[in-house]
Amino acid sequence: MKFISLILFLVLSSISYSQDQEEKEFNFSKDVLENIRDEIKSDKLLEHKIKKEKKLQEKKVQVKQLEKARYNYPAKNHAWKFLSEYWLVKNAANLKWDFSHPDYGIEKTMESLLESVGLYGRKFKILVLNSPIIAHAAIPSDDEVLFLISLPFMRTLDLSKPEISLLLLEDMVRLELGHFETNLKVDMQWVGSNFMGKDTNLSSLEKILKRYTEVLTEEGFNYKQQFETTKKMDVYLKSSPLAWSNYLKLLNKIDTLTKKNALYKNYIKIYPSPELQVQWLSPKKRIP
Amino acid sequence: MISLNGFTQSPHEKVVGVRYFSEIFGHIHEAPDRNSTSLTGIMCGTKMQVIESKKIEKLPDGWLYVEVGEERGFIKQEFTSDKMPKSYRDEVGSGDKFCFQGMYPKFFSDLNLNISEQYYWGKLYDQYTKGESKVPVGNK
């Protein structure tokens with residue numbers, strides 16, 4: 001009996017203790033609730049949470065921007081090199097630039113010519129064509145000039161390196177005066193833009209390539225453009241009498257070729273006209 | 001004998017560096033000559049091991065002897081970069097080398113260049129002769 005009473009006492013005491021504890025815990029939570037909130041604030045947990053959310057948001061924006069950037073058209077400073085190379089690749093069979101040939105060393109003479117006329121730090125590339133389809137030309141290529149020169153043309157005229165360099169300089173002048181781009185007459189609005197959600201504007205691209213061919217092989221440059229180019233050459237070469245007289249001789253040589261060789265009769269349609277260029281360069285005769 | 005990248009290297013050959021192709025397309029040549037046969041076509045960003053070999057007696061200036069995949073051949077150093085060329089994901093400075101196809105991935109893939117066009121594009125860089133007029137001393 002004593003044993004049962006003892007067990008009963010212990011059970012009752014335990015129940016009463018746990019009730020007291022529960023009350024105490026409840027009271028504790030209620031009292032310090034504000035303190036805990038302050039504590040969280042002082043530990044910058046809230047600030048950390050806001051920062052984390054902001055970072056997440058920024059990351060989402062970045063991902064979206066990157067996804068959009070995948071659909072960029074070439075920027076203006078990357079477009080011309082691409083366009084010229086794309087045109088050369090598409091017309092490789094006609095232009096015949098992929099053939100074995102030695103290094104002609106034109107670049108060294110060209111560098112010297114540019115330096116002698118004060119055109120410093122000018123980068124260029126020369127591509128030799130094994131076709132008479134384009135006698136010589138300069139096409140844009142971002143921060144440099146891309147020269148095309150025909151091997152049959154060089155051979156027919158038996159051009160020396162200084163003469164080839166003068167022709168290339170004339171092409172460079174023409175290009176830098178903006179005549180090539182003016183004559184292309186193409187829509188370049190797409191350059192530097194984005195086409196996310198739209199189809200790639202390949203038709204504009206095709207049109208540009210077509211215009212490259214038309215300008216360089218059929219239409220060429222007008223008399224006004226040729227006059228400006230020749231006059232600028234005159235200014236550049238004035239400081240070097242030898243180069244100036246070589247240029248005049250070269251134009252005479254080309255003039256003779258275009259009049260005698262049927263293969264190059266199209267030349268004057270592209271670069272009108274060597275005969276007039278000689279006249280523009282020649283000093284005016286004074287009446288005594 | 002040391003084995004690197006599936007190749008058995010003899011003791012007189014060693015990998016002396018890593019470079020990345022930095023033009024749009026290109027070729028690894030059989031000989032250090034732009035007119036030599038193409039062993040394989042490569043594209044921008046292709047990683048290549050630069051090999052120093054006693055078998056190659058005189059490498060012309062500006063050429064590298066490299067290993068790309070299963071091929072070993074020659075490439076002009078000017079077409080390579082010591083760092084991976086940048087893409088649209090990177091900030092590109094004015095002097096930075098970048099891959100055009102990496103910079104404009106959707107536009108470039110939509111061109112759907114065929115094998116022949118890729119081949120010619122690579123040959124184009126081989127055929128160029130480059131030049132640059134000097135800047136007078138003091139004006140640099």
Side-chain angles (χ1 to χ4, degrees), chain A residues 66 68-75 77-79 81-82 85-86 88-93 97-129 143-147 168 190 194-196 199-202 205, chain B residues 23-25 27 29 31 33-38 60 62 78 86-140:
Chain A
L66 271 180
K68 194 178 173 191
R70 292 182 67 239
Y71 292 81
N72 280 347
Y73 280 118
N77 55 339
H78 300 158
K81 181 174 181 275
F82 162 77
E85 288 184 355
Y86 191 40
L88 286 168
V89 167
K90 287 276 187 187
N91 292 280
W97 48 259
D98 185 27
F99 72 107
S100 290
H101 61 83
D103 193 345
Y104 297 110
I106 308 165
E107 73 283 2
K108 294 284 164 217
T109 321
M110 184 64 189
E111 283 170 0
S112 303
L113 177 65
L114 289 172
E115 287 156 18
S116 73
V117 298
L119 293 169
Y120 304 113
R122 298 300 182 100
K123 288 186 198 169
F124 61 86
K125 282 176 185 162
I126 302 169
L127 187 68
V128 181
L129 315 178
D143 63 339
E144 58 195 4
V145 177
L146 213 167
F147 294 118
L168 299 185
W190 57 278
N194 185 277
F195 63 100
M196 195 174 183
D199 287 336
T200 318
N201 186 0
L202 293 175
L205 199 60
Chain B
E23 299 289 351
I24 296 179
F25 293 106
H27 295 278
H29 291 275
D33 174 357
R34 67 174 173 187
N35 297 317
S36 89
T37 311
S38 163
E78 66 186 51
K86 298 195 167 180
S87 76
Y88 74 100
R89 294 176 173 274
D90 309 302
E91 271 196 27
V92 182
S94 61
D96 289 335
K97 286 206 173 184
F98 66 92
C99 288
F100 187 87
Q101 54 266 63
M103 201 70 186
Y104 307 103
K106 192 74 179 80
F107 171 74
F108 197 81
S109 79
D110 284 354
L111 297 177
N112 285 319
L113 296 175
N114 60 39
I115 296 287
S116 153
E117 287 164 347
Q118 293 178 20
Y119 171 87
Y120 275 125
W121 212 311
K123 292 294 278 182
L124 187 59
Y125 301 114
D126 287 327
Q127 295 294 346
Y128 283 147
T129 308
K130 283 183 178 181
E132 183 177 0
S133 60
K134 289 183 194 76
V135 178
V137 181
N139 285 0
K140 282 181 183 174

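In what follows, chains carry the letters A, B, and so on, assigned in the order in which the sequence lines appear, proteins first and then strands, with residues in each chain numbered from 1.
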J.: Among pairs that include at least one residue of residues 101-110 of chain A, which meet salt bridge (charged side-chain N to carboxylate O under 4.0 Å, His left out), considering only residues two or more places apart or in two chains?
T.: A/Lys108-A/Glu111

J.: Output all residues satisfying side chain to side chain donor-acceptor pair (under 3.5 Å) with B/Glu117, sequence neighbours left out; order by chain, then residue number.
T.: A/Lys90

J.: Name the member of A/Ser112, A/Ala92, A/Ala69, A/Gly121 that forms the most heavy-atom pairs with chain B at distances under 4.5 Å.
T.: A/Gly121

J.: Could you have a look at B/Gly102, B/Gly131, B/Pro105, B/Ser109 and say which one has the most heavy-atom pairs with chain A under 4.5 angstrom?
T.: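 Greatest number of close heavy-atom pairs with chain A: B/Gly131.
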
J.: Of all heavy-atom pairs between A/Tyr120 and B/Val135, which one has the smallest distance, and what is that distance?
T.: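 A/Tyr120 and B/Val135 have their closest heavy atoms at CB-CA, 4.0 Å.
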
J.: Answer with side chain, backbone, both or neither: which region of A/Leu66 has an atom nearer than 4.5 Å to a non-hydrogen atom of chain B?
T.: both

J.: Would you give the length of the straight line joining atom CD of B/Gln127 to atom CD1 of A/Ile126, rounded to the nearest 0.5 angstrom?
T.: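 So the CD of B/Gln127 and the CD1 of A/Ile126 are separated by 13.0 Å.
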
J.: Rounded to the nearest 0.5 Å, how far does OH of A/Tyr104 lie from OG1 of B/Thr129?
T.: 9.5 Å

J.: Determine whether B/Leu124 and A/Asp98 make a side-chain contact, defined as any pair of heavy atoms from C-beta on separated by less than 4.5 Å.
T.: no

J.: Can you list the residues that meet the ring-ring contact (aromatic ring centres under 6.0 Å, His included) rule with B/Tyr88, with sequence neighbours excluded?
T.: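 With neighbours one apart ignored, the set is empty.
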
J.: Apply side chain to side chain contact (heavy atoms under 4.5 Å, CB included) to the pair A/Phe82 and B/Leu111, showing each step before the final yes or no.
T.: CA-CA 12 Å; A/Phe82 162 77; B/Leu111 297 177; 3.6 Å; yes

J.: Contact part of B/Leu113 toward chain A, heavy-atom cut-off under 4.5 Å: side chain, backbone, both or neither?
T.: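 Interface part for B/Leu113: side chain.
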
J.: Just so I know, are the side chains of B/Phe25 and A/Val89 near enough to count as touching, which here means a heavy-atom distance under 4.5 Å?
T.: no

J.: NZ of B/Lys106 to CG of A/Asn194: how many Å apart, nearest 0.5 Å?
T.: 12.0 Å

J.: Given that the side chain runs from C-beta out, which part of A/Phe147 has a heavy atom under 4.5 Å from chain B: side chain, backbone, both or neither?
T.: neither

J.: Between B/Asn35 (side chain only) and A/His101 (backbone N and O only), is there a donor and an acceptor less than 3.5 Å apart?
T.: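 Yes.
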
J.: Pick one of side chain, backbone, both or neither for A/Leu205, based on which atoms fall under 4.5 Å of a heavy atom in chain B.
T.: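 Just its side chain gets close to chain B.
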
J.: Pick from A/Leu127, A/Asn77, A/Leu88: which one has the most heavy-atom pairs with chain B under 4.5 Å?
T.: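 Heavy-atom pairs under 4.5 Å are most numerous for A/Leu127.
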
J.: Might you point out which heavy atoms bring B/Lys123 and A/Trp97 nearest each other, and give the distance in Å?
T.: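 Shortest heavy-atom contact: C-CZ3, 3.9 Å.
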
J.: Return the orientation label for the A/Tyr73 and B/Phe107 ring planes: parallel under 30°, perpendicular over 60°, tilted otherwise.
T.: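 Answer is perpendicular, since the angle exceeds 60°.
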
J.: Among A/Asn72, A/Leu113, A/Leu114, single out the residue with the greatest number of heavy-atom pairs under 4.5 Å to chain B.
T.: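 If we count pairs closer than 4.5 Å to chain B, A/Asn72 comes out on top.
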
J.: So if I take each residue of residues 91-100 of chain B and look for any heavy atom under 4.5 Å from a heavy atom in chain A, which residues do I end up with?
T.: B/Phe98, B/Phe100

J.: Should we count CG of A/Asp143 as having more than 12 external heavy atoms under 6.0 Å?
T.: yes

J.: Can you tell if the side chain of B/Tyr128 reaches within under 4.5 Å of the side chain of A/Glu85, non-hydrogen atoms only?
T.: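 Side chain of B/Tyr128 against side chain of A/Glu85, heavy atoms only: contact under 4.5 Å found.
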
